Amino acid sequence: MSVGRGQPELENDHDRMRCVIDTQGNLVFASPAVGWSVGLTGATLVGKPASSILNIVSSRDSAHQSLDLAHLQSGFYEVALLRRDRDPLMVEARIDRVDTPDGKRYIVIWLDLDNKLKRQRNNDYKREARDFTTFVVDSRAKTAAASEAEPPAVESISKTDGELRHFLNLSGDLMGVYNRDGSFGRANVTFNRVLGYTDAELKTLSFTGLIVPEDRTDADAALQKILQAPPEQEARTDFEARTRCKDGDLKWIQWACKTAGEHIYVVGRDMASVKRHEAELQRREAQLSEAQKIGRMGHWYWEVGQQKMEWSDQIYAMFGVDKKTFVPTVEAVKALVLKRDLGKTLRAFQRAAVRERDYELQFRLRRPKGGIRFIHCEGRCKTDPKTGEVVALFGIMQDITERTLHERALQDAKDAAESAYASKTRFLANMSHELRTPLNAIIGFSEMIQSQLLGPVGNARYLGYIGDIQRAGRHLLDLINDILDMSKIEVGKYELHVEEINVGKLICQALNMVEGHAQEGQVKLIIDDLPMDIQIVADRRALMQILLNLLSNAIKFTTAGGSVEVKCMRELGGVALVVSDTGVGIPADKLKIVTMPFEQVDSEFTRKHDGSGLGLAITKDLVELHGGTLEVDSEVGIGTTVTILLPEKMPESKHPKNDPACAG
């Protein structure tokens, strides 16, 4: 905090942020560093209210009761710098009240960005503040006295005027002096070299005459602002404009203009290289944005401890939000991430900040307008080189929804193919048993008859063998018919021949056909209140097969003493057929596969009942061919209920005449 170093160079004090305020609250001095921090120059701040650039927020000493400048006590405070076009900056500050030898009172404020002042020991803050204030006041007095002298005419300044002229000519900036009427006064060598005009040629042109007509209106407006200021007040303006060179070339020049007395001082910087760099940067940013759009990814940046995040345009699109209205904060992002994924997502960020490691994760989000998206996130940690602590996280996010869904579809297809292959294998194992048993009976009994082991063919016992052969043949025929029906349905070649059918009569016919089977198993058939007036348009053979499959299954898996009940009723604009039994039931984990081809509830190698495993699958497909639905409800040890809902008339899309598979 020593003021001895560099005291003779107040205007070049670029490192230290300090200012002096008088009793009226106006700035007597502000270092260039203060001016840069608030977006102005230190010189232009002199005379302005201190409240225009800073607010005293709080005291670090609990004994201080007032934050008003008039009653402020010396000590450490928290100050808000009011930066132009940016958010305020909170900084630590040392504030001291100073009385100068001439009896005037001032306030000295030292702005401490790095919190170094408190760590300095044995510092006499008040003495240093007093010495610095005295130096500032003396310097201002000398400057004011010098300015009262008659300034020389601009034309009287020769090219040999001291060392300053050499420095001006070495500068890469264009420097010139114009009169308030816009006429040329003087310029450095760079002004002549860049624009190509001699001093004599510049005298024939006004300053705005160098600027192309398209940009001249804005330049005139900027100059008028400073020309309309009082002559005793130094005013400044900055603008960019295309400036015409002597050879006709146009150059982008950034002009800084300042009034002082009767003159306008201009400094210009050739922006050609800057414009080239800006164009190149814009080109690369456009390429990056397009590449991110193609790759469905975007980049983000988040300072630890802050709420707001920085997003690229593509992340806004990824989240389905509008960049103009949506503010990407931590809470806003948490609201969009699915709750099921939120915990692991937050833990990943926390671990990264604590362990200082790179990370990657995947999460799902729900867009405000609907739709789930799968997001892949990769991140890196930014650490403070001084402390080694993580100060920010940054990285990329990529929308992998289509890829994830495609991978899942491939996996489902693979699982389905493997399941189908396993089902076919089990089916072949089943069929080898199903076909071998009746074939053995047919071959065995026919050989006994052929060899007349029991005597001549007229023996009555041969009639029983013939019956066994017939039953075995019918069983084989049923198996083959099931396989053929399933194959036709799978390839869309099963033809429906629809007609109007009395459902009640068809149910009675089906019950008559399975009655003998039920009696053999000591299973009771119940058909109470069966309506006989319900008509339906359907394929008679297919509907009979549906009823026989359901009744046969119900009887087959119902133990002796149990019952099978059939109901028919109008429901939901159609006809409901319900077959329920008191049999063994189906486990809950098997209900989803019981209607799939080749699937059986019991193990195919140890099952207790014959069958191909196609009955319910064929039944379900036949129902759906009619535009209906099949539902299975079951509980082990209680029984099973199968409900079929058929429309009274087949939908046009299901009618054979509209089915391309049935054509020809």
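These values consider heavy atoms only, across backbone and side chains, with no hydrogens, waters or symmetry-generated copies. In this text, all values refer to a predicted model and were calculated from it rather than measured experimentally. The residues of the chain are indexed from 1 along the displayed sequence.
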Could you give the distance from [atom1] ([X]) to [atom2] ([Y]), rounded to the nearest 0.5 Å?
X	Y	atom1	atom2	result
I211	R242	CD1	CZ	11.0 Å
R216	L210	CZ	CG	9.0 Å
D313	I315	CG	CD1	10.0 Å
T208	L223	OG1	CG	7.0 Å
Q398	E360	CD	CD	11.0 Å
H263	Y178	NE2	OH	13.5 Å

Take atom [atom1] in [X]; do more than 12 heavy atoms of anything else shown fall under 6.0 Å from it?
X	atom1	result
R357	CZ	no
K225	NZ	no
E389	CD	no
R367	CZ	yes

Considering all heavy atoms, the nearest [X]-[Y] contact:
X	Y	value
P101	T134	CD-OG1, 4.2 Å
F191	G176	CD1-N, 4.2 Å
L45	G35	CD1-CA, 4.0 Å
L82	S51	CD1-O, 3.5 Å
R366	L338	NH1-CD2, 3.1 Å

Backbone of E78 reached by a side-chain donor or acceptor of R60 within 3.5 Å: no
Test item: N179 side-chain N/O and D181 main-chain N/O as donor-acceptor pair under 3.5 Å: no
Do [X] and [Y] come within less than 4.5 Å of each other through their side chains, counting heavy atoms only?
X	Y	result
C377	Q362	no
V304	F349	no
R380	L393	no
V38	L54	no
K308	E303	no
R94	S74	yes
L27	I53	yes
R364	R340	yes

From D22, D99, T133, residue fulfilling side-chain hydrogen bond (donor to acceptor under 3.5 Å, both in side chains) relative to R105: D99
CA sep, side-chain torsions, deciding dist, call: W252, D215, side chain to side chain contact (heavy atoms under 4.5 Å, CB included): CA-CA 11 Å; W252 272 103; D215 299 344; 4.2 Å; yes
Proximity of Y77 and W110 rings by center, below 6.0 Å: no
[X] and [Y] ion-paired at < 4.0 Å:
X	Y	value
R127	D131	yes
R276	E280	no
D96	K126	no

Reference residue W311; test ring pair (Phe, Tyr, Trp, His ring centres under 6.0 Å); the match among F326, Y301, W300, W302: F326
Between D341 and T345, a side-chain donor and acceptor under 3.5 Å: no
Candidate pair L202 and T198, rule side chain to side chain contact (heavy atoms under 4.5 Å, CB included), full reasoning: CA-CA 6 Å; L202 289 172; T198 63; over 6 Å; no
Partner of L174 by side chain to side chain contact (heavy atoms under 4.5 Å, CB included), out of V194, V189, T243, N192: V194
Option from I21, V137, T23 for which side chain to side chain contact (heavy atoms under 4.5 Å, CB included) with Y106 holds: V137
Evaluation steps, ring pair (Phe, Tyr, Trp, His ring centres under 6.0 Å), between F184 and Y197: CA-CA 12 Å; F184 174 76; Y197 299 102; 10.0 Å; no
Stepwise side chain to side chain contact (heavy atoms under 4.5 Å, CB included) check, R236 with D238: CA-CA 7 Å; R236 171 178 173 160; D238 299 84; 3.0 Å; yes
Parallel, tilted or perpendicular: rings of F207 and W255 (30°, 60°): perpendicular
Parallel, tilted or perpendicular: ring planes of F132 versus F29, cut at 30 and 60 degrees: perpendicular
Intermediate values then yes/no, side chain to side chain contact (heavy atoms under 4.5 Å, CB included), T100 and R130: CA-CA 7 Å; T100 57; R130 183 175 61 254; 5.9 Å; no
